[in-house]
Amino acid sequence: MAEMSLSEIVFPPPKYQEYVFGCWTIKAVKSHIMGSSCEAPTKCDDSTEQPCNLCRYERELRLPSLPDMVFASNLLQITHRSGGSISFNCLDALKCVNDREDTIQVAHAEAWKEARADCEYAKKVVKPYDWTFSTNFRGTVDGLKVSDSTERIDLQKLKIPEEIVFYDEVFLYEDELDDNGSTRCVVKVRVMPSGFFAVFRHYLRVDHVIVRVNDTRLYSPSGASYIIRETSSREAPISKLNIPPPIYKNPDQVWQHLPLVSETVDKLSPEDL
Ligand SMILES: [Zn+2]
């Protein structure tokens, strides 16, 4: 067998899906998990303009560690005919993770450390960064105008069964916190005759301590040249959740049981409108 490079052997090519809906084009890219070592040791140094994904992450992020599963090439991008877009990718999501602990994090970490004093993983908590990889990422907006919105997304209307003409689900990162819970970022999109709907969700569960869901929902009705964007942050200590584990371990179900902590609503539209 002829000699092949590592990338040729291990990695299948990325999968692309694209769907045009009125003045919007929705693109999803799904690729392999990023490796844990440099892909081009002879080429990647501080002067390289295009380092491999891992070196780029280490250069651009100030986090002392990365989630176990990083999908560095995955992308969901929604682009208006004018060229403006909103996109969701792993690097930008991780850029919104605190490189220091906030007071809430410390409080939870203390409770968690106390509950698991004999656990090796608890020692990691003392590191001054958000070891849960909680992100307040709301999508990278490029060339779209962000303005206040009085219009809200009608979630009840979205529950009405309708034909789904396009669907995709794109993972950005995931980590099992050394078997002590789960932190994951996923973005999903679906297009129906009445409009398109996307949800970017960060789900965090630290066992015995907390469940948190940060969601950013996008909705654009058919024919509209704007997107309503709603971001909500919900969380509760597990001790105060009166729901069974199969529900609080399910990111797609638990958010409905969590109290709202904060919310932001705005609207994205082409700059020339
Ligand atoms: Zn590299």
Side-chain angles (χ1 to χ4, degrees), residues 1-18 27-79 85-101 105 120-121 123-143 168-188 200-204 214 216:
M1 192 174 110
E3 205 167 288
M4 295 166 87
S5 76
L6 188 66
S7 59
E8 282 171 310
I9 296 170
V10 180
F11 305 129
K15 287 182 187 148
Y16 292 86
Q17 273 216 88
E18 202 169 88
K27 182 170 87 169
V29 181
K30 292 196 276 193
S31 189
H32 57 80
I33 294 175
M34 182 171 77
S36 57
S37 54
C38 174
E39 286 167 27
T42 54
K43 280 191 255 169
C44 287
D45 58 43
D46 290 345
S47 60
T48 312
E49 271 177 42
Q50 288 190 314
C52 77
N53 278 327
L54 182 71
C55 292
R56 189 161 58 101
Y57 273 55
E58 286 178 350
R59 198 184 287 182
E60 293 191 31
L61 297 172
R62 287 175 296 171
L63 300 171
S65 79
L66 292 173
D68 280 344
M69 284 174 272
V70 164
F71 296 87
S73 303
N74 284 11
L75 172 74
L76 179 78
Q77 185 170 47
I78 299 171
T79 308
S85 66
I86 179 167
S87 55
F88 296 86
N89 67 75
C90 184
L91 183 66
D92 289 345
L94 287 174
K95 279 181 184 170
C96 295
V97 171
N98 271 333
D99 58 3
R100 56 183 170 75
E101 289 176 298
Q105 287 299 341
E120 183 64 26
Y121 188 71
K123 291 172 191 160
K124 278 192 189 177
V125 175
V126 299
K127 279 189 194 170
Y129 76 106
D130 183 355
W131 49 277
T132 69
F133 301 108
S134 291
T135 181
N136 54 12
F137 181 55
R138 307 183 65 220
T140 303
V141 176
D142 180 21
D168 214 336
E169 179 180 26
V170 179
F171 275 76
L172 300 186
Y173 64 81
E174 184 164 5
D175 193 297
E176 299 298 323
L177 304 175
D178 289 352
D179 291 330
N180 289 299
S182 172
T183 182
R184 47 148 56 176
C185 266
V186 184
V187 58
K188 297 179 187 184
F200 166 75
R201 173 164 291 156
H202 173 254
Y203 167 79
L204 169 72
N214 290 342
T216 290

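Whatever order the structure lists them in is the order used to number ligands and atoms, beginning at 1.
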Keeping waters out of it, list the protein N, O or S atoms under 2.8 Å from the Zn ion (ligand 1). C38 SG, C44 SG, C52 SG, C55 SG

Trace of the side chain to side chain contact (heavy atoms under 4.5 Å, CB included) decision for M34 with L54: CA-CA 7 Å; M34 182 171 77; L54 182 71; 3.7 Å; yes

Would L172 and F71 count as a side chain to side chain contact (heavy atoms under 4.5 Å, CB included) if you check the C-alpha gap in whole Å, the side-chain angles of each, and the deciding distance to 0.1 Å? CA-CA 5 Å; L172 300 186; F71 296 87; 5.6 Å; no

Main chain of L91, side chain of Y57: is a donor-acceptor contact present, judged purely on distance under 3.5 Å? yes

Under 4.0 Å between a Lys/Arg side-chain N and an Asp/Glu carboxylate O for K188 and E169? yes

Taking the side chain as everything from C-beta on, heavy atoms only, tell me whether V70 gets closer than 4.5 Å to N53. no

Side-chain (Y173) to main-chain (F133) donor-acceptor, under 3.5 angstrom: yes

